[in-house]
Amino acid sequence: MTRHIVSVIGGKDSQAAAPYKSVNPARVEQVVAEVGLADAETFAAACRVAAGAQRDWAKVPAPVRGRVIASIGRLVEENAETLARLVTDEIGKPYAEALGEVREIVDTCDFFLGEGRRLYGQTVPSEMPDKSLFTFRVPVGVAAIITAGNFPVAVPSWYLVPALLCGNAVVWKPAEYAAASAHALYRLFAAAGLPDGVLNIVFADGAATFAGLDQALGEGSVQKVGFTGSSEVGRKIGELCGRHLQSPCLELGGKNPMVIMPDADLDLAVEGALFAGFGTAGQRCTSLGTVIVHESIHDDFVTRYTAAVRAASIGDPTGDVICGPLLDHKFADRFEEYLTWVEPHHQVLTGPTGKITESSPRGEFTGEGGLYYHPVVVDGVRPDDRLFLEETFGPIVGVTTFETLDEAIHLANKPGYGLSSSIYTTNPTSVFRFREAVSAGMLSVNNSTSGAEAHLPFGGNGKSGNGSRQSGMWVLDQFTRWQAMNWDYSGHLQKAQMDVAEITPDIGFRL
């Protein structure tokens, strides 16, 4: 049965302005949800409703808010298989990965449920007698959260859980093509007992969302913006927030490098590069962009890597596959464009490129009815190629070589992104030299470029973000503001830096 979904604001279904169909990319004729998209005014209205609800939610003691987060975690855990199947149906993510994504929500809730008792401030000694100094974490107010659909439930939880725990209200705008998964997650949050208006979900296209956000910022009903998506859109969000003197939390794209040193375990490196490059069909922000392999082991590596990619199972995401379809028609169209970036000096190592069809099958798999594409490994990529410099969201990986570690680090940093990175080596000196110099906010040693844990900071630098971090204790700085208080109980006015007791040393003393 096709789902019919509309925005939910203040606990009530909202009227829609335009229709949208979310389809199963593995079987594009299957409509997963008919979605009613909202207009800009509806988005702005949701922010006003959230502002009204936030004041009472902030008064709920933080440990009690933590118990709500605990309930969300248990509800997600009890509904894990159903939610994972919906994610697989709607975006084509292999079921094993979808189930892991749902587990990430539970892990996030498990971490933050205790933070309700640890939203610590400090007592600070004063420079004057009979005076005490304190600091407090206070909620920012209303957070407008805009998320992509490649991780339709895990990544939103990185925003929603800490934002709600800290006493904020939220207006969440998920990707249209992942609307059913998002709506299901919203229902689980609501079932945990959140008051109406504290969490609102708005389905809208990009233009309506941007216009509504602009209006809400102008009205003063949004105090924090969180955005996960492309670097191009992230710049526009950053510019908009900057005009209102706000600093958004931006988690953007990546061109994530994997450096393979001459002492690397090549079997391990191939396994990591296969998952990093082609898991989720290369549609993660942390997916592998370019393998930077030492020239002495280049031939051996590409032989093994090509064989592994050729042998990888691609097909129905409900089965045991590494790679399902692309997320949506718009990503398939973009991937077709990326394939035009392959130049005459490149060597495609993996055979056919483009859509898997009856006339261009992958073995016996014809990709019938779905947005399936051949995985592509391109050797001979140069530092000035578009394939080297720009994010390619899909199943394509470039390969280039280096002579020295310094050269490898230069190549790793050259595209200007700074999300994730990886190095394969058995030499600790190489590890720490790489760590010190790589621009990425995250790095892995002898591991994939992909793979976040709920208690580590997640985020990037450069084109990959503005230095903000999600997950773990670090995200609390996105959804709280520090407030300082001084309490003078001396009975008279004491002036800081003026009425300070002086103890005079004998500077001229000598032994």
Side-chain angles (χ1 to χ4, degrees), residues 3-18 20 33 35-58 60 65 68-69 71-72 75 105 139-149 152-153 155-176 178-206 208-228 237 248-249 478-479:
R3 299 163 182 82
H4 297 271
I5 294 171
V6 294
S7 304
V8 186
I9 300 170
K12 298 177 181 179
D13 287 352
S14 175
Q15 287 188 333
Y20 177 89
V35 188
L37 298 183
D39 57 16
E41 172 55 34
T42 301
F43 185 94
C47 296
R48 292 192 290 271
V49 169
Q54 188 270 331
R55 290 184 284 272
D56 287 336
W57 178 241
V60 174
R65 298 197 300 261
V68 174
I69 297 304
S71 297
I72 293 169
L75 283 162
I105 308 169
V140 296
V142 172
I145 304 301
I146 305 164
T147 56
V153 292
V155 169
S157 76
W158 295 355
Y159 291 105
L160 304 183
V161 169
L164 294 169
L165 174 81
C166 291
N168 303 287
V170 175
V171 175
W172 174 29
K173 203 297 285 188
E176 307 95 293
S181 302
H183 190 262
L185 184 63
Y186 166 82
R187 290 169 60 201
L188 292 173
F189 271 68
L194 288 173
D196 290 343
V198 170
L199 175 60
N200 309 274
I201 187 167
V202 176
F203 301 105
D205 64 20
T209 301
F210 192 87
L213 181 60
D214 190 8
Q215 181 179 337
L217 286 166
E219 293 172 353
S221 57
V222 168
Q223 288 72 44
K224 187 71 182 185
V225 177
F227 173 76
T228 295
I237 297 287
C249 180
Q478 297 299 316
F479 294 111

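Treat the numbers as computed from the prediction; the structure is a model and nothing was measured.
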Can you name the nearest heavy-atom pair linking [X] to [Y], along with the distance?
X: Phe203; Y: Pro174; result: CE2-CG, 3.6 Å
X: Ala46; Y: Val202; result: CB-CG2, 3.7 Å
X: Val49; Y: Gly197; result: CG1-CA, 4.1 Å
X: Ala16; Y: Gly36; result: CB-CA, 3.4 Å
X: Thr147; Y: Pro156; result: OG1-CG, 3.7 Å
X: Asp196; Y: Gly11; result: OD1-CA, 3.7 Å

Problem - Val153 vs Ile105, side-chain contact (heavy atoms from CB on, under 4.5 Å): CA-CA, chis, key distance, verdict - result: CA-CA 7 Å; Val153 292; Ile105 308 169; 3.7 Å; yes

Practice task
For Cys249 and Lys224, run side-chain contact (heavy atoms from CB on, under 4.5 Å): C-alpha distance rounded to whole Å, both residues' side-chain angles, the deciding distance at 0.1 Å, then the answer.
Solution key: CA-CA 8 Å; Cys249 180; Lys224 187 71 182 185; 4.2 Å; yes

Kindly compute the distance separating [atom1] ([X]) from [atom2] ([Y]), expressed to the nearest 0.5 Å.
X: Leu199; Y: Ile9; atom1: CG; atom2: CD1; answer: 11.5 Å
X: Leu213; Y: Lys173; atom1: CG; atom2: NZ; answer: 11.5 Å
X: Trp158; Y: Gln478; atom1: CH2; atom2: CD; answer: 13.5 Å
X: Tyr186; Y: His183; atom1: OH; atom2: NE2; answer: 7.5 Å
X: Leu160; Y: Ile72; atom1: CG; atom2: CD1; answer: 8.5 Å
X: Ser157; Y: Ile145; atom1: OG; atom2: CD1; answer: 11.5 Å

Donor-acceptor contact below 3.5 Å, side chain [X] vs main chain [Y]:
X: Thr42; Y: Ala38; value: no
X: Gln54; Y: Gly167; value: yes
X: Asn200; Y: Val170; value: yes
X: Asn168; Y: Val140; value: yes
X: Trp57; Y: Leu164; value: yes
X: Arg65; Y: Val60; value: yes
X: Arg3; Y: Ala33; value: no
X: Tyr20; Y: Ala204; value: no
X: Ser7; Y: Ser14; value: no

Handout entry: Audit row: Ser221, Val142, side-chain contact (heavy atoms from CB on, under 4.5 Å) steps and yes/no
Key = CA-CA 7 Å; Ser221 57; Val142 172; 5.8 Å; no

Exercise for the section: Give the C-alpha distance, both sets of side-chain angles, the deciding distance and a yes or no for side-chain contact (heavy atoms from CB on, under 4.5 Å) between Leu185 and Trp172. Expected result: CA-CA 11 Å; Leu185 184 63; Trp172 174 29; 4.0 Å; yes

Exercise for the section: May I ask you to test the Thr228-Tyr159 pair for a side-chain heavy-atom distance under 4.5 Å? Expected result: yes

Practice task
Taking the side chain as every heavy atom from C-beta outward, state whether Pro139 and Phe479 have any pair of such atoms under 4.5 Å apart.
Solution key: no

